[in-house]
Amino acid sequence: MTIDPNALADVAAVPGVAKPDPIVTIDGLERSFGGVHAVNVDHLEIQRGTITSLIGPNGAGKTTLFNLISGFDEPDNGEWDLDGGGLVGISAYQVARRGMVRTFQLTKSLARLTVMENMHVADQTNPGETLRGALFGGWRKAEDEATEKATALLERFGLTHMADEFAGSLSGGQRKLLEVARALMVDPDVIMLDEPMAGVNPALTQSLLHHITGLREDGMTVIFIEHDMDVVQEISDWVVVLAEGSVIAEGPPASIGSNEIVIDAYLGRTHREEEE
Amino acid sequence: MALALLAVPAMALADGEAIGGTLIATTDDERVPVEGVLISVEQDGTLVGDSTSDAEGKWLVPVPGAGTYTVRLDVSTLPDGVGLTNADSDVLEDIVVQEGRQRTVLFPLGEGSTTSPPPYQRFGSLLFAGLKLGAVIALSAVGLSLIYAVTGLVNFAHGEMVTLGAVLTYFFSTSVAGPGWSLFIAGAAAVALGAGFGWVQDRGLWRPLRKRRMGLVAMMVVSIGLSFALRYLILVMFGGTRKLYDEFTGQTPIDFFGIPVVPKNLITIVVGVVVLALVGLFLQRTRIGTALRAVSDNPDLSESSGIDVDKVVTLTWVMAGGLAALGGLFFGLTEAVQWDMGFRLLLLIFAAVVLGGLGTAYGAMLGAFVVGIAVEMSTLIFPSELKSAVGLIVLIIMLLVRPQGLLGTRERIG
Amino acid sequence: MDFIAVIRDGFLAMIGPVTAAYAVSAVSLNLQFGYTGLLNFGQVAFMMVGAYGTAITVEAGGSLWLGIPVGILTAVLLGLLLGLPTLRLRADYLAITTIALAEALRLIVRSSWAEPLTNGVFGIQGFADAFFDLNPFPGGAVYGVGTWTVTGRSLWMMIVSWTVVLLVVLLIRRLIKSPWGRVMRAIREDEDAARSLGKNVFGYKLQSLMIGGAIGAVSGILLAIEQQNVTPDAYLPRLTFILYVIVILGGAGTILGPVIGALVFQFVFFGFDSLMASAQANIDWVGDILSPAEAGQVKLILVGVGLMLLMIFRPQGMMGDLNESLIDDH
Amino acid sequence: MTTLLNATGIRAGYLPGVDILRGVDLHVDEGELVGIIGPNGAGKSTLIKALFGLVAIREGSVTLREDDITNKAAHDLVKAGVGYVPQRANVFPSLTVEENLEMGLFTDPHRWDERVPAVHELFPLLANRADQKAGSLSGGERQMVAMGRALMTAPSLILLDEPSAGLSPANQELVFDTVRKIADSGVSILMVEQNARRCLEIADRGYVLDQGSNAYTDTGDALLHDENVIGLYLGTLGRE
C-alpha cells in the first residue's frame, strides 16, 4: 500500500471532516464521569500513514479518548473501528493484537523484567507463550528471531547497552524510549503515544521526535497526545484539538494556530470579549 | 485405637470415642423405649454425626476423638404423647468425652405434648438466632471495615482481637486466676483493654510500617503472621477447651411473642443494636467521626484541611479494638469462649464486609445481619453443620452478582 | 541437652516425605503468588480436592492409578471454577474469596450431607495399598546409621516424593524460563502493560490458577498416600498460611526458593520440637512453665512472629535478590 | 505593601533526577491576587503543590512573612494560615456540604459560629445545600465547596490550583467572580490557571511559567496584551 504524503492537502480543516483513506473512524463516542462529559466525539477520522496530534487544554479528554479506543475503558455510547473492523466491546489485549497499540502517560515499564524481556513480551508470534509451546518447546527459533528484531529496535532507540538491565533501573526518559520500542515489537498499524515527551530531558526529546517521524516512514499511523506546540508543529501532518471532550477544530498544523476557537480554548475566553 | 477394650460391651460396635444412650419414656409406672428419635452430636457448631434410636431406644454416635461436644435431640422426631420432662433440655452442651471412652448421656423423657414446634415458631427462633449472630458479627465487622476505610489494610488479625475480648472477659470474671469480677465489670475491662490493644498495634506496628511505605499486600501478609502468633499465644495462655462465663449460663427461655427466647441472646441483640447506633451517631454527628469519614474519602485532602490523619487512624484502631472485644464478649456469652473463636468468626466477618461493601461501616452492619440471618435460616433447608459454609457461599454469590457489595462503589474490580 | 539429637530430629523431618509434599505445594503457590502475583489463600482446597478425588475413586472401586489423575483433574476444575468469578477482583478481594471458598469446601466435605461420598469427619483410610505394594524395601526394615534411620516404608515414600519434587521443579523451571513464564511475570509487574501488548491477562491468570491447582493436588495426594488417610480437618486454613511462610522464607519468585523454604522450615519446626522436649526433660523451669503440648503451640507462635519479621525485614526471602524483591511499593 | 509569601529558586519534581520546576522565584504581597499562567506541562500544579508541602522541594526556600515554611507539612501550613484548594478531588464526596466546611475548620472548631456566616455570605449556595452530599454536586458547585472549606480558617493566603478546570463557561465565570470577591475581602490569593485571559483579567499581577521556570512577570493587564503569551501557549503555531 502506498502512502501519499500529500493526501490531506485538500481536506478541509473542519471538525469531523472525512479523510481520503481513514484507518481509524470514531462515531458518536461518549463517556461521562459523574455527569461531566469527559469525551463526546461526534465523528473523527484518522488518516492512514500520518502523524496525527491530539492536543487540547488540561482535562480536555485526550487520555480518556485513548483509553476508550484502546479498550481500557468502556464508553457509554458510540462506535469506532480500526481499518473497517468494529472495536466495540473488544477487550484491550485484542485491540493490541489487531494492530493498534498504545503507550501510557505514566510509563508502564515492567520493572523486574530486563529491557530485553520487556521487548520479548511484546512479541505476538512466539509459540512459547502458549502453555503447550512452553511445555513442549519449539519456540527457540521464534525467540531468536524476536531477539534479533528487539536488538535492532533497541539499537535504533539507543538502549542496546541496557538490554540486560532491569527496566526498573532505567531513567525516566529511557523508560519512555523503551515503551515506544516495545510497542513497535507488536508490529502495529497504529501506534498511540500518550505524552511521550513528558518528563524527558530536552536532549532526548529531539531523538524521540526523530523516532516518531521514523515510524511514519515505516508506514505506521501515529496518534499522539502532546502539549508542546513546537513539537506538534514540527512533526504532525494533522492536528485534532479537543476541548471539554469534543473536537473543536482539526486541520493541518498551520491552520490551527490562527484558529480563534483554539486560541480561546487554550487561553480561555475573556469576560468582555465583545469590547476587545 | 487400642483402648477399645475399655468400651462398654453393649456398645460393642464402636472401637473408639463415642457418645450414646438409651431413650426411655417414663409414664406413670411404665418404662417404654422410644424408637426413631434423631440425636445429633456437634462440636464447635459443626455436626460430628447423628443417630436414630433403635427399637430398644438405644443410640450411638461415634466421635472423632476426645473433646467437648454438644448433643441435640430433635424434638420433632419424638412420637406423639412423648416429650422431654424438662422442655429446654433438648440440647446438652459441654459433654466431655475422654480418650478411648464412650460417654453416656441421658434425655429424661416422659408424657408430654411436645411434638414438633409449629412452623412459625421454628422460623421465629431461627430469625432470632440470626439476629443474634448478626449482632455479634456486626460489632466485630465494623472495626475491620473502618480500618480498611482509613488505611486500605485487610487485617487478618482482626479475629484475634475478637477472641481477646472473650478471653479477657473470661479471665476477669470466671477464671480462678482472675479477680472474679462480675461480668459487667469484667466485660468493660476487656473492652478497654481491647481498645488499648488497638492503640498498641497501630503505634507499635502499623504506623511504622506505613511510614516505611510498605505495600498493602505485604501488610496483609504481616497481619496473617500477627494473627497466627496471637492465636497460638492465646491457645498457650488459655488452653484449648471451650469455656463458659460463670454468669448467665443456664438461662431459662422466656416467651417472646410465642417464641422461646434466652434472655442473654435478647440482651446481645439489644446491646449490639444500641452500640451500632452509637457508632453510627459518632460517625455522623461528631467532629472526629466526620474526620474519620473524611480520611476514608481522601487522606490527602484531609491532611490539606489540617486533619492529623495519623491521629485519626490511631483512633480508628482504638475503636476497632474496643468493638472487636465487645463482639468477642457477646460471642463468648452466647456460644462459648475458645481460643480460635475469632478466627472462625473472621470468615463470616469477611463475608459480611464484602457483602455490605468493604470500607463502608453501614455496609458492614447490613452485611453482618444478612449473613447472620442467612446462616441461621439456612438450617431450614440445609443440615445445620453447613451453616458457616452457607455464609461463605452467600459471599461468593454476592461477588458474582454485585462485586461492589450492597452499599459499596465500583472500584474494587482490578 | 542433647543437641545432636535435636539436629538429627530436625534433619530426619527435613528429608521426610511431608517436607517434600510441602515443597511441592509451595512450588505451586509460588507460581501463583511469586510469578503471577495472585493472592491465592485457598491453596489447601486444591490439596484437599486432590487427596479426596484420589481416595474416593479408590473407595468407589477404582485403582489408585486412576484415582491420582482423577484427583488432579478435580483440582484443575476447581481452579477454573474458583478463577472465573474471582480473577477480575482486586488482590485483597481475591484473598478473602479464596480463603472463604476453601473453608466452605472443607465444611461441606466434613458434613453428614457429603458423608456418603467423603465419610464426613472420619475421612477415608487405607486407599493407598497399591502404592506400598510396589515398595522394593521391606517395610519394617531400618535404613541408616546409628540413630539416624528411617524405615523401609519411609524410604520408599521419600524416594518417590522427592522425585516428584524434582519433576515439579523442573516443570516450573521449564515454564518460567519459557516465554509463557515471561508473560506471567509481566502480568505480575503491570497488568495493564501486559494487556496493552496483546496479552490475555485473564486467560493467563486462569492458567496459573489451574496449573498451580494441579500441582497443589499432587502435593495433597502425596500427603494422603503417606498417611493412608484423608480427613477434612487436615485441611485447615492454617496449612495455607504455613505454605506462604515457606514460600516467603525461601524467596517468592525464585525457582528453588519454595524447596529451600520447605527444607529450612521443617528443619527448624521439628528441630524446635526436639529442642523443647530436651529442654523440658533437662531444665526444670522449662518443664514447669510449658507442657509438651504447649511447647508445640509456642512453635506456632514463633511461626507467626517469624512471618512478620520476614515480611518486614527480609521480604525477598533467602534466595531472593532485594532488587527483585516482590513485595515492594512501586 | 508587605510581602506575605516569598519563594526563591524552587526546584522540585516527582521522579528522582527529573526536575519539573527548575528554579522558580515568586512573591505574593498582602492582599494581592496573583495569577500563574503557562502552557500544559509548564509545572503550574507542581509549583502550587510544592509551596503547600505536597511535593518535596529539592532546592530553594519558601517563607511566609518571616518564617521559613520550606517543605513544611500541609497540616502545619493550615495552622499557619494557608489554605489550599486542589484541582481534582477537592471535596469529600461522601460528606455533606456542611461537613465539608466543618472539616475545613477541623483545627479550630470553636470558630464555627463566627466563620460560617462569612463563608455563607461569599457562597450562598453552601447554605442552601448544607445537607447535600458533596459527591452529588456539579463541578462548579464542588469548586464552591472546596473554596469555602479552604476559607473556613480565615487564612491569610489561599492557593488555588486551576479552579476553572473542567467547568462549563458559565460556571467558570462564577468561579472567577468569586475569586476576585475573595481577594477583595482581603485574602491574598495565589492561583494557577489554564484560562489565562480570564485569570489575568482578575489578577493584580501575573507570572508566566514556561518549562519549569518563570518566563515573565508583570501586571495582569500588561501580560494580557503581551503577544509573547500567545506564542508561549501555541508555540510556532501561534506565530503564523
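Here is how names work: the chains are called A, B, and so on, in the same order as the sequence lines, proteins then strands, and each is numbered from 1.
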Would A:S91 and C:F202 count as a side chain to side chain contact (heavy atoms under 4.5 Å, CB included) if you check the C-alpha gap in whole Å, the side-chain angles of each, and the deciding distance to 0.1 Å?
CA-CA 11 Å; A:S91 53; C:F202 184 77; over 6 Å; no

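Of the possible polar contacts, one joining the C:K199 side chain to the A:V121 backbone as a donor-acceptor pair under 3.5 Å is found. A donor-acceptor contact shorter than 3.5 Å links the side chain of A:Q124 to the backbone of C:L197. Side-chain atoms of A:R97 come within 3.5 Å of backbone atoms of C:G198 as a donor-acceptor pair (strictly under, hydrogens ignored). Although no hydrogens or angles enter the test, the distance criterion places no donor-acceptor pair under 3.5 Å between the side chain of C:R195 and the main chain of A:Y93.
With respect to the salt-bridge test (charged N to carboxylate O, under 4.0 angstrom), the residues C:E189 and A:R112 qualify. Between A:E143 and C:R182 there is a salt bridge, since at least one side-chain N of the basic residue sits less than 4.0 Å from a carboxylate O of the acidic one.
One finds the CG atom of C:D192 at 5.0 Å from the CZ atom of A:F104 (value rounded to the nearest 0.5 Å). Annotation: the span from C:D190 atom CG to A:S109 atom OG amounts to 8.5 Å, rounded to 0.5 Å.
Considering only heavy-atom pairs separated by less than 4.5 Å from chain C, the leading option among A:V101, A:L131, A:V186 is A:L131. Highest contact tally toward chain C, considering only A:S70, A:G133, A:A134, A:A183, is held by A:A134 [criterion: heavy-atom pairs under 4.5 Å].
Closest heavy-atom contact between A:L110 and C:A193: CD2-CB, 3.8 Å. In this structure, C:S178 and A:G128 approach most closely via the heavy-atom pair OG-O, 3.9 Å.
Looking at A:T130, only its backbone comes within 4.5 Å of chain C, counting heavy atoms on both sides. For chain C, the nearby parts of A:R182 are the backbone and the side chain; heavy atoms of each come within less than 4.5 Å.
Counted within 6.0 Å of CG on C:L166, heavy atoms from surrounding residues, nucleotides or ligands total more than 12; the atom is thus considered enclosed.
Proximity to chain A among residues 204-215 of chain C is limited to C:Y204, C:Q207, C:I211, judged by heavy-atom separations below 4.5 angstrom.
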